[in-house]
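Just below is one structure, and these are the notes that go with it.
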Amino acid sequence: MQTHEQEFIQAQQFLKEHDQFLVVSHVQPDGDAVSSTLVVGWLLSCLGKKYVMVNEGPIPKRMEILENSEDIVDLSQQPLDETFDYIVCVDCADFKRTGKTSLLFSEHARILNIDHHPTNNGFGTFNLIVEKAAATAEILFDLITFMGIKLNLATATALYTGLLTDTGGFRYSNTSPKVMETASKLLEYGVDGPGLSELFLEQMTFPQLKLLTRVLNGLQMSGDGKISWVTVDDGDLSATGAIHEDMEGIVNYPRNIQGVEVGLLFKVIDETAVKVSMRSAGKVDVARVAQHFGGGGHVRAAGARLEGKLDDVIRRVIEQVKAEL
């Protein structure tokens with residue numbers, strides 16, 4: 001089994017030895033995914049390489065403040081008719097999370113897989129997976145340091161954003177001393193920590209507030225009070241004028257109820273599929289629950305897509321969570 005130092009060496013060689021790259025993150029990208037995509041793009045530019053940054057869909061509007069975010073191609077709006085031999089995947093817990101961007105991978109593509117999810121199955125040709133890292137952005141900070149490349153303010157801001165969002169504003173259990181040390185170093189570049197916290201953790205759009213009010217009105221709880229869940233469908237989104245990214249953080253509300261061990265958000269995709277987001281107070285490994293259904297994630301935050309109607313999916317997931325409890 002390789003050491004992390006060996007993985008850093010391989011990652012550095014991969015980036016230096018080739019000239020044209022495709023950089024992708026997971027579907028429905030969050031702060032860490034977008035930030036990591038931009039950081040890898042910047043790193044490749046420092047090395048004099050050509051690259052294209054792509055995601056299956058749009059990035060969250062709040063992420064548009066990050067420099068060069070407009071260069072991330074939205075494949076749903078701008079199809080590409082070329083394939084790439086050298087791929088950098090960031091923050092993808094498994095290969096399925098690359099979504100339709102995988103159609104751009106050539107038949108003999110070589111993949112550098114950079115991630116921090118414990119459920120990552122090492123799908124890359126080369127894998128830089130650090131499970132103890134709070135975010136993929138933390139791994140990239142270490143890689144940049146390892147390579148001896150000096151950061152600029154824009155890239156430090158992207159790295160800080162990845163750390164900030166994946167630690168819940170440095171509140172989650174993944175906030176290690178190393179995370180705080182890294183954040184401190186990034187602030188030395190002039191990163192506006194309070195401003196980013198306000199934007200990503202505090203501000204809400206009015207449609208987002210309306211959606212939250214509507215969804216919480218239907219909150220349910222198990223008989224023992226240890227599991228709580230809410231549901232969202234397209235009707236909720238259209239009724240409130242909300243968009244997909246407005247669901248970010250809603251799953252924390254059922255989890256935050258006193259006595260609740262697992263909070264769940266069920267998002268109806270269509271009549272045959274439901275996506276579930278899971279949050280744990282600590283006693284339940286929701287990554288293991290998600291893996292049971294073909295998903296993945298972290299001990300306290302995970303997700304999966306299940307085939308079936310909403311009521312059936314809720315029943316199956318609740319049964320599995322109860323088994324873990």
Side-chain angles (χ1 to χ4, degrees), residues 2 6-29 32-59 63-64 66-116 120-130 136-137 139-152 154-159 162:
Q2 288 186 322
Q6 290 172 323
E7 291 180 346
F8 277 107
I9 292 171
Q10 281 191 338
Q12 177 179 239
Q13 290 175 337
F14 182 81
L15 297 175
K16 286 187 172 182
E17 288 176 358
H18 309 295
D19 295 318
Q20 186 163 357
F21 295 84
L22 176 69
V23 186
V24 304
S25 64
H26 60 73
V27 295
Q28 298 171 352
D32 190 28
V34 175
S35 298
S36 296
T37 299
L38 295 172
V39 171
V40 170
W42 170 83
L43 178 56
L44 289 170
S45 69
C46 291
L47 298 175
K49 311 296 183 178
K50 295 179 180 179
Y51 63 93
V52 178
M53 300 180 292
V54 179
N55 196 275
E56 177 181 298
I59 67 170
M63 297 295 157
E64 292 176 357
L66 299 178
E67 188 170 291
N68 298 325
S69 61
E70 70 278 4
D71 294 336
I72 300 178
V73 176
D74 175 357
L75 207 57
S76 67
Q77 300 297 319
Q78 186 181 339
L80 300 177
D81 59 359
E82 59 181 314
T83 58
F84 297 82
D85 293 328
Y86 304 105
I87 320 294
V88 183
C89 293
V90 292
D91 206 39
C92 294
D94 57 60
F95 187 76
K96 291 184 298 183
R97 295 288 284 158
T98 62
K100 294 179 181 178
T101 65
S102 62
L103 299 175
L104 305 177
F105 299 9
S106 71
E107 183 180 355
H108 304 291
R110 303 179 74 193
I111 300 172
L112 172 60
N113 170 24
I114 306 176
D115 187 38
H116 68 120
N120 193 297
N121 59 6
F123 61 84
T125 312
F126 304 104
N127 298 286
L128 176 51
I129 302 171
V130 184
T136 301
I139 303 171
L140 290 173
F141 175 85
D142 292 341
L143 177 61
I144 291 166
T145 302
F146 178 81
M147 295 176 67
I149 298 175
K150 184 175 176 58
L151 290 172
N152 59 20
T155 306
T157 298
L159 288 166

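Here the structure is a predicted model, which is why all the values come from computation and not from measurement.
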Can you see which heavy atom on Lys49 is nearest to which on Lys16, and at what distance? NZ-O, 2.7 Å
Write down the atom of Met53, the atom of Asn68, and the distance for their closest heavy-atom approach. CE-O, 3.9 Å
Looking only at the side chains, is there a donor atom on one of Ser35 and Asp32 sitting less than 3.5 Å from an acceptor on the other? no
When you look at Asn152 and Thr155, which way does the side-chain hydrogen bond (donor to acceptor under 3.5 Å, both in side chains) test go after all the steps? CA-CA 6 Å; Asn152 59 20; Thr155 306; 2.7 Å; yes
Run the side chain to side chain contact (heavy atoms under 4.5 Å, CB included) test on Gln12 and Phe146 for me, step by step, so that the C-alpha distance in whole Å, both residues' side-chain angles and the decisive distance to 0.1 Å come before the verdict. CA-CA 9 Å; Gln12 177 179 239; Phe146 178 81; 3.8 Å; yes
Result for side-chain contact (heavy atoms from CB on, under 4.5 Å) between Phe84 and one of Val52, Val23, Val24 points to Val52
Rounded to the nearest 0.5 Å, how far apart are CG of Leu66 and CG of Leu38? 6.0 Å
Could you tell me whether a side-chain N or O of Asp94 sits under 3.5 Å from a main-chain N or O of Arg97, the two making a donor and an acceptor? yes
What is the ring orientation for Phe21 with Tyr86, classed by angle as parallel under 30°, tilted 30 to 60°, or perpendicular over 60°? tilted
For the side chain of Thr83 and the backbone of Ser106, is there at least one donor-acceptor N/O pair under 3.5 Å apart? no
Side chains of His116 and Asp91 only: does a donor on one sit below 3.5 Å from an acceptor on the other? yes
Taking every heavy atom of Cys92 against every heavy atom of Asn113, the minimum-distance pair comes out as O-OD1, 4.1 Å
For a side-chain hydrogen bond (donor to acceptor under 3.5 Å, both in side chains) with Ser25, tell me which candidate from Thr101, Thr98, Asn55, Thr136 qualifies. Asn55
